[in-house]
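In what follows, a single structure is set out as structure tokens and then discussed.
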Amino acid sequence: MSHFRCIAKHPTISLVESSCTSLRQINQVHTQLLITGLLDDPFLHAQFVASIALKHPNLLDYSTRALDQNPNPTVFAFNSLIRANSKSPNPQKSFQLYNKLLKSGHNPYPDNYTFTFLVRTCAQLLDCEASRAVHACVMKRGFETDPHVQSGLIYMYAEMGLLGCARKVFDEIPLPDLVTLTAMVTACAKSGHVGFARGLFDSMPEKDPVAWNAMISGYAQCGQSREALDMFNLMQMEGVRINEVTLVSVLSACSHLGALDQGRWAHAYIGRKKITVTVTLGTALIDMYAKCGDVNKAMEVFWGMREKNVYTWSSAMGGLAMNGLGHECLELFALMKQERVLPNEVTFVSILRGCSVAGLVEEGRMHFYSMRKEFGLEPIFEHYGCMVDLYGRVGRLNEALDFINKMPVKPHAGAWGALLNACRIHKNTKLGELASRKIVELESKNHGAYVLLSNIYADSKNWDRVSNVRQTMKAKGVRKLPGCSIIEVNGEVHEFVVGDKSHPRYGEIEAKLEEISKRLKSSGYVANTFPVLFDLEEEEKEDALCQHSERIAIAFGLISLKEGVPIRIVKNLRVCWDCHAVTAIISDIYNREIIVRDRNRFHHYKDGACSCKGAFSYSLFIYPLLPSIYYLGMGEPLRMIDIVQKAAGIMVHEQGSVLVLPRLLFQPVDSSPR
DNA sequence: TATAGGACCC
């Protein structure tokens, strides 16, 4: 049998890897190998075990059993199984395999590979004790000088948040090489010390694509998306080879920034360089397009993908829900079930959000209960929050409260937040007080809870209490996050904060803001001076001219983008009511499409209307009045300009009686994604 | 066989 050692892979093994997709086919090959006695060869046996373990992670039991079918399994066979298990839902099993390896007596001893995989298991489990034990074994067996083991240990400690330990391993390496340096760069970035990671990266005498990718994904994961893109540009300038991993990180950064141009460029690059669109890369593309507001393109990518997994489906469904297309999201779920792709927890978050934006309470309930019954998935906080939102938004406040009280886990701030928001919409002061008290108990610095509560008091003209809330906030040092908007112009990302005057073109921006203000006035717009909406950003306004970050960004978009090019803005907070109204009017008077992504959804403004419909009121920290007036007394959208004037009238005269209309009246303004 | 390894909800 020794001749098998001379060839890279036995043809039968190649068969397992390439064409065996079903258990039945693998069984056939397996039987063949058993009958012919080929499995008695330890080398071939190891190849067989390894190929099943790594290519078919869902058949781990099968490959584990196959390990026993050779009396002298090699350490390679053990290592492959340990590796496969470290990535599985039950990583502990790799420890059992390690014990088995130690007990198997004769030739196989753990080697450096064994430990690089065991270390991954520890990182997966976040088990400090196991980590220390594994590190001790590494020392005992003398592998502490192996660069791969070293970098594995660095990775392990970083994953556990023990950067000090990672550092210690690193410092003991006399001459760190590319691999260990890269591991340390990753460790620093993962622990949030991305600046330090960069310093280390810059000090590296040589850098390969892996090192560059580590740095880019480090920035992307720390939320420093702009730096990630800068790094990517630098990487290109240096002529470093760009691969799939690079592009996934880049697309992820684009998603966070809403940098559609850069994302499109990356997509075109993939096409130009004929890079294979794998499931991961395709999913990253879908996510990018959806989060940049181009849901049509996201779906185009989705339909074009041959292979789709649960990530792909969840991503597309989440994108549809986020863009207000709840019915389409549910349709997609039906299709997903038809294709027999098993949903996971994340899929259900998308489904429930879809139900929420479409106002489908019963359907949402049905899906929520089917999670456990049909799919054995335990609901997590997000799902409970979605359910409270589902009941609350249509005014079924008691059911929402009931739902919270019956939660098998301690209700989190998000669940109470959804209720509080519903109380604001439906003017339930008493329940609103309860909800906000609960939130503050859980998160004493949750500014959203204070803002919403004060809005509820303001609705009932209880000004004393409004100022009480404001005082409490001051006393407790609760501050609102500064609003910040970004806009991409010619592939460059510009960032504006409230009252920002730092931009080099601020002079032009200011002139544009004044012009906008004038044109708004002449179109009949009355500036939002209603005391009803207590908006903390109000305090930060510097003059009569609205200085909210998205307005500055819009003004900049108007002066710097060609006519007809949609203005795309990404905001870190929710858009406020006034900006929402104003943006719609700007879209009309400047005949410009404006797309704003706020904290968790999209607003597509066109010809004076916004696509968000009722979805404007979503969870915590929102200004939910608009949708109620949006469709007032009509089956179809009013022009924004009318709405604003109407709203002004209504709000001035009848603050307490703005009606929330049944969701059935909401007509989609958007086109269908397909 | 290993270092980067990424995508869906947060």
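Lettering of chains follows the sequences in order, A, B, ..., and the numbering in each one begins at 1.
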#### Entry: Distance flag, aromatic centroids of Tyr98(A) and Phe78(A), threshold under 6.0 Å
no
### Message
When you measure only distances, ignoring hydrogens and angles, does the side chain of Ser314(A) come within 3.5 Å of the base of dC8(B) through a donor and an acceptor?
### Response
yes
### Query
Within this structure, what is the CZ-to-C1' distance between Phe302(A) and dC8(B), rounded to whole angstrom?
12 Å
### Message
Would you say Arg120(A) places a side-chain N or O within less than 4.0 Å of OP1 or OP2 belonging to dA4(B)?
### Response
yes
### Message
From the set dC8(B), dG6(B), dT1(B), return the single nucleotide nearest to any side-chain atom of Val245(A).
### Response
dG6(B)
### Polar side chain donor-acceptor pair, Arg365(A) to Tyr391(A), under 3.5 angstrom
yes
### Summary
Residues pairing under side chain to side chain donor-acceptor pair (under 3.5 Å) where one sits in residues 182-194 of chain A, two or more places apart or in two chains, turn out to be Glu159(A)-Lys190(A)
### Task
In whole angstrom, give the distance that lies between atom OH of Tyr155(A) and atom P of dA4(B).
7 Å
### Query
Just how far, in rounded Å, is C1' of dG5(B) from CG of Asn243(A)?
9 Å
### Pairs touching residues 205-231 of chain A that satisfy salt bridge (Lys or Arg N to Asp or Glu O under 4.0 Å), sequence neighbours left out
Arg226(A)-Glu495(A)
## Note on the structure
Side-chain contact check for Arg83(A): nearest option of dA2(B), dA4(B), dA7(B) is dA2(B)
### Query
Which part of the nucleic acid, if any, lies within reach of Glu382(A) when heavy atoms closer than 4.0 Å are counted: base, sugar-phosphate only, or nothing?
sugar-phosphate
### Query
Between atom CD1 in Ile216(A) and atom C1' in dG6(B), what is the gap in whole Å?
12 Å
#### Entry: Selection: residues 191-213 of chain A, any non-hydrogen atom under 4.0 Å of DNA chain B
Val210(A), Asn213(A)
### Task
Ignoring the backbone of Val248(A), work out which of dA7(B), dA4(B), dA2(B) is nearest its side chain.
dA7(B)
### Message
Is there a ring-ring contact (aromatic ring centres under 6.0 Å, His included) between His135(A) and Tyr157(A)? Walk through the geometry before answering.
### Response
CA-CA 10 Å; His135(A) 196 160; Tyr157(A) 284 124; 5.7 Å; yes
### Query
From dA7(B), dC9(B), dA2(B), pick the nucleotide closest to the side chain of Thr280(A)?
dA7(B)
### Task
Output yes when at least one side-chain N/O atom of Lys291(A) is less than 4.0 Å from OP1 or OP2 of dA7(B), else no.
no
### Query
Could you give the CG-to-P distance, from Leu153(A) to dT3(B), as a whole number of Å?
13 Å
### Query
When you check the phosphate oxygens OP1 and OP2 of dC10(B), does a side-chain N or O of Arg353(A) lie under 4.0 Å from one of them?
yes
### Task
State the CG-SG distance between Leu260(A) and Cys292(A), to the nearest 0.5 angstrom.
5.0 Å
### Task
State which of dA4(B), dC8(B), dA2(B) makes the closest approach to the side chain of Asp287(A).
dC8(B)
### Query
Is the ring centre of Tyr113(A) under 5.5 Å from the base ring centre of dT1(B), and are the two planes under 30° apart, so that they stack?
yes
### Summary
Rounded to whole Å, NE2 of His256(A) lies from C1' of dC10(B) at a distance of 10 Å
### Query
What nucleic acid atoms does Asn309(A) come within less than 4.0 Å of, heavy atoms only: base, sugar-phosphate, or nothing?
base
### Message
Please report whether the ring centroid of Tyr289(A) lies less than 6.0 Å from that of His267(A).
### Response
yes
### Query
With sugar-phosphate meaning primed atoms plus P, OP1 and OP2, does Phe381(A) contact a base, only sugar-phosphate, or nothing at under 4.0 Å between heavy atoms?
nothing
### Task
Would you mind telling me which of dT3(B), dC9(B), dA7(B) lies closest to the side-chain atoms of Tyr311(A)?
dA7(B)
### Message
Please determine whether a side-chain nitrogen of the Lys or Arg among Asp171(A) and Lys168(A) lies less than 4.0 Å from a carboxylate oxygen of the Asp or Glu.
### Response
no
### Query
In whole Å, what is the span from the CE atom of Met215(A) to the P atom of dG6(B)?
16 Å
### Message
Under 4.0 Å, counting only non-hydrogen atoms across every strand here, what does Ser217(A) touch: a base, just sugar-phosphate, or nothing?
### Response
sugar-phosphate
### Query
Which part of the nucleic acid, if any, lies within contact of Thr283(A), taking any heavy atom under 4.0 Å across all strands shown: a base, the sugar-phosphate backbone alone, or nothing?
base
### Query
Does Glu244(A) get its side chain close enough to the base of dG5(B), under 3.5 Å, for a donor-acceptor pair?
no
